[in-house]
There are 2 protein chains.
Amino acid sequence: MEQKKLKLADLAKLAGVSTSTASRALNNNPVIKQQTREHVQLLAKKYNFSLNTAASRLRLQKTNVIAVIINLDAHTEQSIDDPFLLKVVSDINQAVNRRGYELLLSNSYMAGDDWHGYFIDGRRADGLIVVGQGKQQQNIDTAAKNGAPLVVWGDPKTPSNYPIVGSNNYVGGYQATMHLLEQGASKLLFLGDSGHAEIGERYRGFNNALEAHQPKGVAKLLKIDITSQAAYTAINNLLRGEGLNFDGIVACSDMVALGALKALKERYVSVPNDVRIVGFDDIAMADISHPSLSSVKQNTREAAKLLVDKLLNQLNGEECMSQEVEIELVCRQSSQ
Amino acid sequence: MEQKKLKLADLAKLAGVSTSTASRALNNNPVIKQQTREHVQLLAKKYNFSLNTAASRLRLQKTNVIAVIINLDAHTEQSIDDPFLLKVVSDINQAVNRRGYELLLSNSYMAGDDWHGYFIDGRRADGLIVVGQGKQQQNIDTAAKNGAPLVVWGDPKTPSNYPIVGSNNYVGGYQATMHLLEQGASKLLFLGDSGHAEIGERYRGFNNALEAHQPKGVAKLLKIDITSQAAYTAINNLLRGEGLNFDGIVACSDMVALGALKALKERYVSVPNDVRIVGFDDIAMADISHPSLSSVKQNTREAAKLLVDKLLNQLNGEECMSQEVEIELVCRQSSQ
DNA sequence: GTGAAAGCGCTAACAC
DNA sequence: GTGTTAGCGCTTTCAC
């Protein structure tokens with residue numbers, strides 16, 4: 001079954017043309033007679049011919065590959081297993097494919113610190129999509145400075161020399177908070193690390209909504225890691241220490257919200273009657289949780305498309321800007 | 001900042017040696033004097049030199065890339081967003097990296113039907129890891145027959161010409177069921193499509209446990225798609241149509257279990273008092289759900305390692321066999 | 001409209 | 001222990 005791999009020269013011989021004609025025919029170069037083109041293409045299909053991408057890449061100095069780097073914060077327990085991150089990667093994968101590129105899934109383990117050298121100079125990929133500003137802004141800056149075509153998923157408001165695509169986190173935080181206030185909550189808890197760029201924006205929205213609403217609510221910030229476990233522990237400790245002194249929670253992610261929800265339910269605090277909750281991300285679990293979780297939906301699909309578009313535009317030498325993607329508050333049982 | 005890319009010849013010149021010596025030095029070939037090696041390596045680091053992988057791959061006929069193909073069943077709504085699938089991919093990614101390979105994330109969209117031609121002949125990857133036997137067993141068979149180094153995540157009991165790694169699904173189904181019976185449940189529902197290879201095995205374990213246990217329980221099969229939504233709808237319909245005529249559920253996945261759980265809670269059926277549930281996969285949500293979900297944990301980490309090991313062994317010309325990974329029942333609140 | 005041939009950057013066989 | 005050189009398979013310039 002395992003026959004020798006056909007190379008372009010072999011195919012050309014079979015078709016009775018030169019390699020150059022065969023090459024042009026396969027690439028549908030209109031300079032070649034229609035009939036010749038079809039003839040070669042037919043033979044290629046018949047013999048399951050595939051171009052050797054290694055040779056082609058060497059010749060063209062182009063890989064048709066985009067590398068996606070998962071770039072988590074150094075001091076977080078949040079892992080690559082996080083459902084939201086994986087959703088982002090999956091959406092990027094689709095967007096990349098749709099533009100005819102392949103996706104090299106990567107992380108700092110393989111790439112080390114010199115991303116430009118590893119991916120671009122090393123001809124592993126034509127461009128980089130970095131998911132998360134987190135761990136090493138340094139690496140991103142350096143790669144961009146060295147001329148790596150590069151886009152980042154993160155907080156678009158962060159000043160940068162490269163395009164950042166992400167949600168309008170400020171509006172997300174604002175809307176979630178305003179919604180809770182309008183539902184009658186007044187003692188609000190923000191759950192998340194406000195030092196993180198995207199979460200900081202959400203927190204700003206949270207505070208501004210509290211400012212804007214009458215009557216004024218009371219705010220409290222619980223700086224925790226972006227994990228269910230951290231939220232669960234934090235809420236448990238808070239209830240044990242101070243009792244129930246809040247009636248609304250804005251969580252920085254759905255996983256965090258669900259961790260909080262679990263702690264509340266275990267202590268027989270009713271959601272949404274005693275405490276209303278809104279999460280962030282609108283992961284699949286938000287809908288399946290009981291009570292179902294209200295959440296600020298991030299449009300990862302559109303963001304992925306934008307990331308890829310901007311990256312390909314860079315490859316064409318165009319300048320690109322950061323861009324915010326609009327969010328949408330999805331109201332479910334946990335907040336009303 | 002964007003200087004001309006250094007090639008090996010340039011580096012060699014800088015080091016005052018020939019390209020062959022430079023090449024050997026970079027690859028730590030012991031035939032080169034220690035001192036020369038260090039000298040070249042130092043310069044390489046200093047100038048951020050990276051080998052052109054395209055050239056290297058062309059020359060070596062080896063890519064150091066492994067392609068992972070997400071191969072979902074054609075008639076399922078289960079998507080690449082499924083948390084368990086993504087966990088598998090993420091674990092494979094780590095295992096692949098640890099062995100010094102890169103991961104090309106793929107799907108039938110890019111690869112088409114001729115995987116051997118596309119990936120192997122096309123020199124995109126040295127081998128394939130197929131996640132799921134699902135959609136097109138045909139494609140897998142053909143690729144294997146054409147000599148593609150290939151391993152599959154799926155049901156290891158399926159007869160095949162390629163190695164399949166997966167959980168001992170039979171034991172998983174058996175243990176979950178026996179556990180429910182021992183907890184006092186006797187009218188059991190199996191939730192999932194028994195036509196699917198892995199789930200079929202779990203169902204066989206389910207039935208055998210019911211056979212083995214005294215007093216005998218009653219079994220019912222609800223063939224549904226592997227999604228929360230399908231489970232939610234199915235349980236709702238069942239309760240509406242027949243009332244609560246069961247007291248235990250073995251679900252084919254945690255997502256399915258959580259969908260069922262939601263339907264039960266909405267109708268005020270108490271879990272675990274009225275109905276006990278065990279899921280499958282032990283995804284992160286199982287622990288955060290309320291009540292927390294008992295589940296059969298699949299050891300994806302070990303499986304990923306085995307998949308990669310077997311694939312690399314194939315690349316070395318060794319024959320490989322299918323292998324089962326042991327599972328573990330994690331008992332939480334939903335079943336006791 | 002098609003063909004001949006150069007060359008992308010690397011590795012390894014062979015020469016010394 | 002190191003250097004010279006052929007050649008991996010493709011694309012494209014230049015020639016006809």
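No hydrogens, no waters, no symmetry mates; every other heavy atom, side chains included, goes into these values. What you see is a predicted model; the values in this text were computed from it and never measured. Chain letters run A, B, ... following the sequence lines, proteins first and then strands; every chain starts at 1.
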Query raised in the report: Going by distance alone, is a donor N or O of one side chain under 3.5 Å from an acceptor N or O of the other, for A/Asn97 and B/Asn107?
Result: yes

**Report entry** Side chain to side chain, A/Val152 and A/Ser322, heavy atoms closer than 4.5 Å
**Finding:** no

Query raised in the report: Whole Å only: how far is the CG atom of A/Leu6 from the P atom of D/dG9?
Result: 11 Å

Query raised in the report: What about B/Arg24: does its side chain form a donor-acceptor pair under 3.5 Å with the base of D/dG1?
Result: no

Query raised in the report: Starting at CG of B/Asn27 and ending at P of D/dG1, how long is that distance when rounded to a whole Å?
Result: 17 Å

**Report entry** Gap between atom CG of B/Leu315 and atom NZ of B/Lys310 - 0.5 Å precision
**Finding:** 14.0 Å

**Report entry** Nearest-angstrom distance from the residue atom CG of B/Asp10 to C1' of C/dC10
**Finding:** 13 Å

Query raised in the report: In whole angstrom, what separates A/Lys13's NZ from C/dA4's P?
Result: 11 Å

Query raised in the report: How many Å lie between CZ on B/Arg123 and P on D/dG9, as a whole number?
Result: 7 Å

**Report entry** Straight-line distance of B/Ile70 CD1 to B/Leu86 CG, nearest 0.5 Å
**Finding:** 7.0 Å

Query raised in the report: Side-chain N or O of B/Ser18 less than 4.0 angstrom from OP1 or OP2 on D/dG3?
Result: yes

**Report entry** Working for side-chain hydrogen bond (donor to acceptor under 3.5 Å, both in side chains), residues B/Ser18 and B/Ser20
**Finding:** CA-CA 5 Å; B/Ser18 71; B/Ser20 50; 3.0 Å; yes

Query - Lys/Arg-Asp/Glu bridge criterion (N-O < 4.0 Å) met for A/Arg99, A/Asp309 - result: yes

Query raised in the report: Just how far, in rounded Å, is P of C/dT11 from NZ of B/Lys7?
Result: 14 Å

Requested in this report: Choose from D/dG3, C/dT2, D/dG1 the nucleotide whose nearest atom is closest to any side-chain atom of B/Lys33.
Outcome: D/dG1

Report summary line: In whole angstroms, the gap separating P of C/dC10 from CG of B/Leu11 amounts to 9 Å

Query raised in the report: What do you reckon, is CD of A/Glu319 surrounded by more than 12 foreign heavy atoms closer than 6.0 Å?
Result: no

Query raised in the report: Does A/Phe49 or B/Thr19 map to a spot on DNA chain D nearer the 5' end, using the closest nucleotide for each?
Result: B/Thr19

**Report entry** Value in whole Å for how far the C1' atom of D/dG9 lies from CZ of B/Arg124
**Finding:** 14 Å

Query - B/Thr36 vs D/dT2: side-chain N/O to OP1/OP2 distance below 4.0 Å - result: yes

Query raised in the report: Side-chain N or O of A/Ser20 less than 4.0 angstrom from OP1 or OP2 on C/dT2?
Result: no

Query raised in the report: Between residues 52-63 of chain B and DNA chain D, which residues have a heavy-atom gap below 4.0 Å?
Result: B/Leu58, B/Arg59, B/Gln61

